[in-house]
Amino acid sequence: MTTLSGEASINFDSYWQDTLDELTALPPAPEVQAIPLRSTDFATAYGVSLTSIGPYRLYAYLSIPRGEGPFPARYYLPRYGSVTDLVPQGTSNSQRREHVTFAICVRGQRLADQPYAAAFPGLLTDGIDDPMGYVYRGIVADCVRGVEYLASRPEVDGARIAAIGNDLAYTTAALCAQVTHLVCTPALLYDTANLARRTSAYPLEEITDYLRLHPEREDAVRHTLSHFDLRRFASRVNATTLLMAGADGSALDAAALAPLIQAMPGEVEVHKAEHSGYKDGRHSEEWLSRRFGMAEASLPAHWRG
Amino acid sequence: MPRVAADQYVSKVRMPEDIDRFWEDTLAETAKIPLEPEVVHDPLRSTERIDVYEVFFTSLDRVRIAGWYATPRDREGKLPGLLQVPGYNMEPPVPKAWANKGYAAFSVAPRGKLRSNRQFNPGYPGLLTYSMVDRNTYSYRGFYMDTCRGVEFLLSRDEVDGERIGVTGHSQGGGLTVSTAALRPEIRAAAAGAPYLCGYMDAIELTDAYPYQEIADYLRMNPDSREQVENTLAYFDGINLAHRITCPIIVSVGLQDSTCPPETGFAMFDAIASADKRMYAYDGHGHDANNHEHGAIVDDFLAKHLRP
């Protein structure tokens, strides 16, 4: 039983252990298909299908450098939206020369939208009245399935597997010991119900919309969200971490994230956002390349010099 | 070799002689199709101050297009209309923030976006290169018409003042802002951020990042199609459409933008016909193009011209 200030206790550990047990009971049954259109003279791209809890069939993009491995791996967790890219928009495709990259489409996203096609807006509140029925339980499990598969690949250096993304990168690092490095920008799953009250921007506005229409369900919503609050996952994150905090004064700045940072047992560097995709992106690329022992960072041309 | 300064870059994009005819024909073909708007109030997304509606209308090829429409409840007289156009791999947002500022705001989901993808769904990646060898069936022919029909939707609304219609967006939304302002003379003000769809063929030499990398992928597999691809894309290039823009317009770029290279934004800006144009180039910024601070400039610019 764990508690957060002002919230009722929940069986957090058993909730996630049961979820992981459910996942373990299902074979991943991978199918791997080359994608010549996205392959280059330095990397081969594949589409990978995997089974997660439900059971539900997922899709992922895998890219493997040509030449001798093992290679460090970048596991890209999905942002909030229907599209997962082979590598994130705006990052250099040259990262595929020296890294295995893996990007997963979780349930509801394009390429993993049969039979469940998520709505945006809509995903964040789908099943939110009930921890067992909340769609994010499956999504977190989907992300775990992905790293299990990635770590099983012989081309991957098991000492250098980075989870990169928003909240789902964090939960994945917490639930999977295979993740050695974490680059995380918390966005949605940190004190979510209260965070939603401080903004009118989507996707958090989905929570406000839902509670405006169903005010009597607020306790149930808070109860469900408690199972997904990053603060509850923090003590499990042992990966070497770059935490991308919001700029000072923003809802998720370093001060707001202090409880999260203090609860993490592993090494954590905090970077305060500079309101610049270039500066923040370059910082995370250089941080990861240093931690992976790479000769130089994989920077797009406009980020160099 | 050091890069040429972004504002000194010379685009290699060539202007098709019949580009205006091509678009006039396409607009005329679209105009023959009834709009058939359907407007459904959405109580889940509406608030005490804002009404939100799901909208559907018919566009080129009779593809049914979706969108979100938001209006302020407390209003006197007609409202200015604002078309919000989406980024490449994002979902069109519910435009409550614009309605809160006094606009009748329509956020269109062009073909292939969720809720507009039943009849056409090339996916992401995929949209950028779909039928890229044929200007008459290239994905963006319909896509551009869908955003233009968004203007028609606003014009069809009793609460909207047809003399005060603007368009804004970032990234692909910036590119669609350019194309919509070029193709719809009803647009009175346009604010384009980090515009995509400008200098397509330049971009694949300037950056190795997606989404433009989709074109490089395609040409690697289909090297013999390069001339056809260049010829097709020239009709859709914002650089070649900018000469049709006569309304007030502002453009922003980040000088370290690896997604939509600033060189292409400058080339498009130089080609804009309007005398009332201004470029905001932000050093130290990437694809964000300093949205954090530039947002207030966009607000002021649109308010000056559209008077919410």
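Quick caveat: nothing in here was measured; it's all calculated off a predicted structure. Proteins come first, then strands; the chains are lettered A, B, ... in the order of their sequence lines, and each starts at number 1.
- The shortest distance between side-chain heavy atoms of B:R45 and A:E206 falls below 4.5 Å.
- Contact between B:E214 and A:R38 at its shortest, heavy atoms only, is CA-NH1, 3.8 Å.
- Interface remark: B:L206 contributes backbone and side-chain atoms alike to the contact with chain A (heavy atom separation under 4.5 Å).
- Taking 4.5 Å as the heavy-atom cut-off, the residues of residues 75-93 of chain A that approach chain B are A:R79, A:G81, A:S82, A:V83, A:T84, A:D85, A:L86, A:V87, A:Q89, A:G90, A:T91, A:S92, A:N93, ordered by number.
- Taking 4.5 Å as the limit, every side-chain heavy atom of A:Y202 sits out of range of all side-chain heavy atoms of B:E91.
- Only the side chain of B:H292 comes within contact range of chain A, judged by heavy atoms closer than 4.5 Å.
- Heavy atoms of A:Q95 lying under 4.5 Å from chain B are absent altogether.
- The most heavy-atom pairs under 4.5 Å with chain B, out of A:A247, A:P36, A:S200, come from A:P36.
- Formation of a donor-acceptor pair under 3.5 Å by the B:R220 side chain with backbone atoms of A:S39 is found in this model.
- Classification of B:K96 and A:D209 as a salt-bridged pair holds, one side-chain N sitting under 4.0 Å from a carboxylate O.
- Between chain B and the residues A:P300, A:P121, A:G277, the largest count of heavy-atom pairs under 4.5 Å involves A:P121.
- Heavy-atom distances place the backbone of B:S46, and not its side chain, under 4.5 Å from chain A.
- For B:P125, the parts lying near chain A are the backbone and the side chain together; criterion is any non-hydrogen pair under 4.5 Å.
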Review point. Under the side chain to side chain donor-acceptor pair (under 3.5 Å) criterion, do A:H302 and B:E263 qualify, and how do the steps go?
Key: CA-CA 11 Å; A:H302 290 79; B:E263 293 88 342; 3.0 Å; yes
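- Looking at B:N121, the atoms closer than 4.5 Å to chain A (heavy atoms on both sides) all sit in the side chain, from C-beta outward.
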